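Treat the numbers as computed from the prediction; the structure is a model and nothing was measured. Just so it is clear: chains get the letters A, B, ... in the order the sequence lines come, proteins before strands, and each one is counted from 1.
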Amino acid sequence: MSVVVRFAPSPTGYLHIGGARTALFNWLFARHHGGRYLLRIEDTDRARSTEEAIRAILDGLHWLGLDPDEPPVFQSTRFDRHREVALRLLAEGKAYRCWATPEELEAMREKARAEGRPMRYDGRWRDRDPAEAPPGVPPVVRLKAPQEGETVIEDLVQGTIRVANEQLDDMVLLRSDGTPTYMLSVVVDDIDMGITHVIRGHDHLTNTFRQKQLYDAIGAPCPAFAHIPLIHGPDGAKLSKRHGALSVTEYREMGFLPEAMRCYLLRLGWAHGDKELLTDAEAIALFDLSGVGRSPARFDMAKLLNVNAHFLRQRSDAELVELLRPFLAKEGLVVEGEGARRLAAGMAGLKARARTLVELARGAAFYLRPRPLPIAADAAARLDEVHRAALAELGPRLATQEPWEEAALEATCRGFAEARGMKFAGLAQALRAALTGSTVSPGLFEVMVVLGREEVVGRLEDAAAGRNPVLPASN
RNA sequence: GUCCCCAUCGUCUAGAGGUCAGGACGCCACCCUUUCAAGGUGGAAACACGGGUUCGAGUCCCGUUGGGGACGCCA
């Protein structure tokens, strides 16, 4: 039997980090088994579903490289089919109409609570004659669920889980307005889409018992279930807005790489021995449900940053130049011509110092800024009179420096400092300030080679003459 | 409240009865060094608690505590 899985988000907001991981696990499982990975948009709640949210989910999945293998199925287009199934169950006596009003239901809840029992619908219309139906009250359709025995599910992650059927009540299949409920829609769609494995968040675990009953009533085989533990915030509580970024879009904007997100999310709740950093090929080859842990994991930004830094360094310099464009554009910097050349040439030194594309862009900006280069206040402080005078003298010397190579440049600068009885470290910081506008940068001589003779000499002149605007904040 | 699930360093985790309880992130120290990173070396850091079962328990069972989830004519 070929594997078919699906990711089934409801479009009531952006694609969040937990959903992204669920999608990833489904995707990996399908790839590992050579199966299909589908997307179903659960937009049956017309009031809360928005076009914008659908866009956001599709965009998020696309960015993460988790595009579905087939066009998405929109659950709202399948109302008729869902109704058809409910009506069939009704005809077969496996479901019944219920005229209980919201007030009656509320009373049942209160009574149950008072008696310390689970809050369940009491089945008052289960065997009652429909002729007794009150006039003018539109009924819902409920499943005639088994009242004795127990419902058991074999979860591929959580193991065997059983619940007494008396804990479960007769769930609503069709609302009084005739629309299908989530429970009905999910089960019917999963059956019709040929889903073999339902991999979803642990928060759906208790829904599964009811869904199992529905499968049984419909007479369809149950897919295998795998409920993966939830992701919690750093404090152990449910991940929420107050923990910072939830939307995958925000991670893109913070400069994270999709492959880093995939790797981090995968390792959050799944492990294969001591393997930490996996390529997609390795992840696909190694992924299995038995490796999924059973306890919830906390989201750790520090680790994500580390993982991202790793994957950043795996990218080629040319790729990084392209990835940097939108981030540099935010600072009004356009990557083209000489600037593009410098970025590519300087990328090796830049990427070792960045964990995200945002950091990389920040560190790379000095290669693109036109003269006179703005200098951060703390860097400008390194350009005192003594050092400005030194730079004024060093500039012309570098103008005739041959060859224009790192080792030679270093020899020249060190020799210059020594001849002047000046500490090289101080000269280096002054040079750094003049050339990069910062106290922090890639190696000085690498920077010189990348900038080129003309630009270096020009920037030194600017600094010696005090022409640079000083920025209030530093790096 | 009821039901269900979970429990190894601060965090992510390895561990499928016998390990000096391993790795990674983070942290600390040292090395490298023109800054900051990167890189290298080393270090501190965990089996929630209590009972069993067993020659032997982080591993199996029960309980306690703690955490989480679900209890809608939402999805």
Let me know, please, whether A:Gln167 or A:Leu174 comes out on the 5' side of the other along RNA chain B by nearest nucleotide.
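First, find each residue's nearest nucleotide; the 5'-ward one identifies A:Gln167.
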If you pin A:Glu410 and A:Arg210 to their nearest nucleotides in RNA chain B, which one's is more 5'?
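Its nearest nucleotide being more 5', the pick is A:Glu410.
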Mind checking who [N] pairs with, Watson-Crick or G-U wobble, both distances under 3.5 Å?
| N | result |
| --- | --- |
| B:A48 | B:U64 |
| B:U2 | B:A70 |
| B:A16 | none |
| B:G39 | B:C31 |
| B:G58 | none |
| B:A21 | none |

Using the [atom1] atoms only, state how far [M] lies from [N], rounded to an integer number of Å.
| N | M | atom1 | answer |
| --- | --- | --- | --- |
| B:G23 | B:C9 | P | 16 Å |
| B:C5 | B:C36 | C1' | 47 Å |
| B:A48 | B:G42 | C1' | 31 Å |
| B:G40 | B:U8 | C1' | 29 Å |
| B:C49 | B:A7 | P | 15 Å |
| B:U53 | B:A44 | P | 37 Å |
| B:C62 | B:G1 | P | 23 Å |
| B:C60 | B:C28 | P | 37 Å |

Short side-chain donor-acceptor distance under 3.5 Å, A:Asn308 and A:Tyr264
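There is no such pair (donor and acceptor under 3.5 Å, judged by atom type) between the side chains of A:Tyr264 and A:Asn308.
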Pairs touching residues 136-145 of chain A that satisfy side-chain hydrogen bond (donor to acceptor under 3.5 Å, both in side chains), sequence neighbours left out:
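side-chain hydrogen bond (donor to acceptor under 3.5 Å, both in side chains) check on residues 136-145 of chain A returns no pairs.
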A:His197: ring pair (Phe, Tyr, Trp, His ring centres under 6.0 Å) partners, not counting sequence neighbours:
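Partners of A:His197 by the ring pair (Phe, Tyr, Trp, His ring centres under 6.0 Å) criterion, ordered by chain and then number, come out as A:Phe29.
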Once side chain to side chain donor-acceptor pair (under 3.5 Å) is applied, do any residues pair with [X], and if so which ones, sequence neighbours excluded?
| X | result |
| --- | --- |
| A:Asn26 | none |
| A:Gln167 | none |
| A:Arg313 | none |
| A:Arg40 | A:Glu42, A:Asp190 |

Only counting residues at least two apart or in another chain, list the ones meeting salt bridge (charged side-chain N to carboxylate O under 4.0 Å, His left out) with A:Lys423.
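A:Lys423: no salt bridge (charged side-chain N to carboxylate O under 4.0 Å, His left out) contacts found.
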My understanding is that only residues two or more places apart in sequence, or in another chain, count here; which of them pass salt bridge (charged side-chain N to carboxylate O under 4.0 Å, His left out) with A:Asp288?
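For A:Asp288, no residue satisfies salt bridge (charged side-chain N to carboxylate O under 4.0 Å, His left out) once neighbours in sequence are set aside.
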Under 3.5 Å, which donor-acceptor pairs do the side chains of residues 9-18 of chain A form with other protein atoms, sequence neighbours left out?
residue, atom, partner, partner atom, Å
A:His16, ND1, A:Gly18, N, 3.1
A:His16, ND1, A:Gly19, N, 3.3

Using a 4.0 Å heavy-atom cut-off, write out nucleotides 7-16 of chain B from 5' to 3' as B (base contacted by protein), S (sugar-phosphate only) or - (no contact).
S---SBSS--
Would you give a per-nucleotide map of nucleotides 58-65 of chain B, 5' to 3', where B means the base has a protein non-hydrogen atom under 4.0 Å away, S means only the sugar-phosphate does, and - means neither?
--------
Just the rounded figure in Å: distance from [atom2] of [N] to [atom1] of [X].
| X | N | atom1 | atom2 | result |
| --- | --- | --- | --- | --- |
| A:Leu304 | B:C25 | CG | P | 14 Å |
| A:Arg420 | B:U34 | CZ | P | 20 Å |
| A:Leu205 | B:C4 | CG | P | 11 Å |
| A:Glu106 | B:C71 | CD | P | 15 Å |
| A:Phe311 | B:C25 | CZ | P | 13 Å |
| A:Leu391 | B:U34 | CG | C1' | 14 Å |
| A:Gln158 | B:C4 | CD | P | 14 Å |
| A:Phe79 | B:A75 | CZ | P | 9 Å |

Distance-only donor-acceptor test, A:Ser176 side-chain atoms vs B:C73 base atoms, 3.5 Å
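Such a pair exists between side chain and base.
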Under 4.0 Å between a side-chain N/O of A:Thr206 and OP1 or OP2 of B:G69, yes or no?
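Looking at the OP1 and OP2 atoms of B:G69, neither is under 4.0 Å from any side-chain N or O of A:Thr206.
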Look at A:Asn207 and B:A75 and indicate whether a side-chain polar atom (N or O) is within less than 4.0 Å of OP1 or OP2.
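Answer is no, no contact under 4.0 Å.
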Nearest to the side chain of [X], which nucleotide is it out of [options]?
| X | options | answer |
| --- | --- | --- |
| A:Ile161 | B:A75, B:C5, B:G68 | B:C5 |
| A:Asp203 | B:A75, B:A70, B:A38 | B:A70 |
| A:Arg414 | B:C6, B:U33, B:G26 | B:U33 |

Output the distance between atom CG (A:Leu312) and atom CG (A:Leu320), rounded to the nearest 0.5 Å.
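It comes to 5.5 Å.
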Hey, does the Lys NZ or Arg CZ of A:Arg21 hover above the aromatic six-ring of A:Phe25, less than 6.0 Å from the centre and inside 45° of the axis?
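Because its charged atom sits under 6.0 Å from the ring centre and within 45° of the axis, A:Arg21 does stack over A:Phe25.
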Inspect the contact between A:Arg315 and A:Glu259 and indicate whether a charged nitrogen and a carboxylate oxygen are less than 4.0 angstrom apart.
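Yes, charged N to carboxylate O under 4.0 Å.
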Could you check whether A:Arg81 pairs with A:Glu84 (Lys NZ or Arg NE/NH1/NH2 to Asp/Glu carboxylate O, under 4.0 Å)?
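Judged by the 4.0 Å cut-off on N to carboxylate O distance, A:Arg81 and A:Glu84 do form a salt bridge.
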Identify whether any heavy atom of [X] sits under 4.0 Å from a base atom; if not, whether one sits that close to sugar-phosphate; answer base, sugar-phosphate or nothing.
| X | answer |
| --- | --- |
| A:Val140 | base |
| A:Phe445 | base |
| A:His232 | sugar-phosphate |
| A:Leu230 | sugar-phosphate |
| A:Thr44 | sugar-phosphate |
| A:Ala100 | base |

In residues 344-360 of chain A, what residues come within less than 4.0 Å of RNA chain B, judged by heavy atoms?
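Only A:Ala352, A:Arg353 qualify.
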Strictly distance-based, threshold 3.5 Å: is any side-chain N or O of A:Asn165 a donor or acceptor partner for the main-chain N or O of A:Gln147?
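Answer holds: no.
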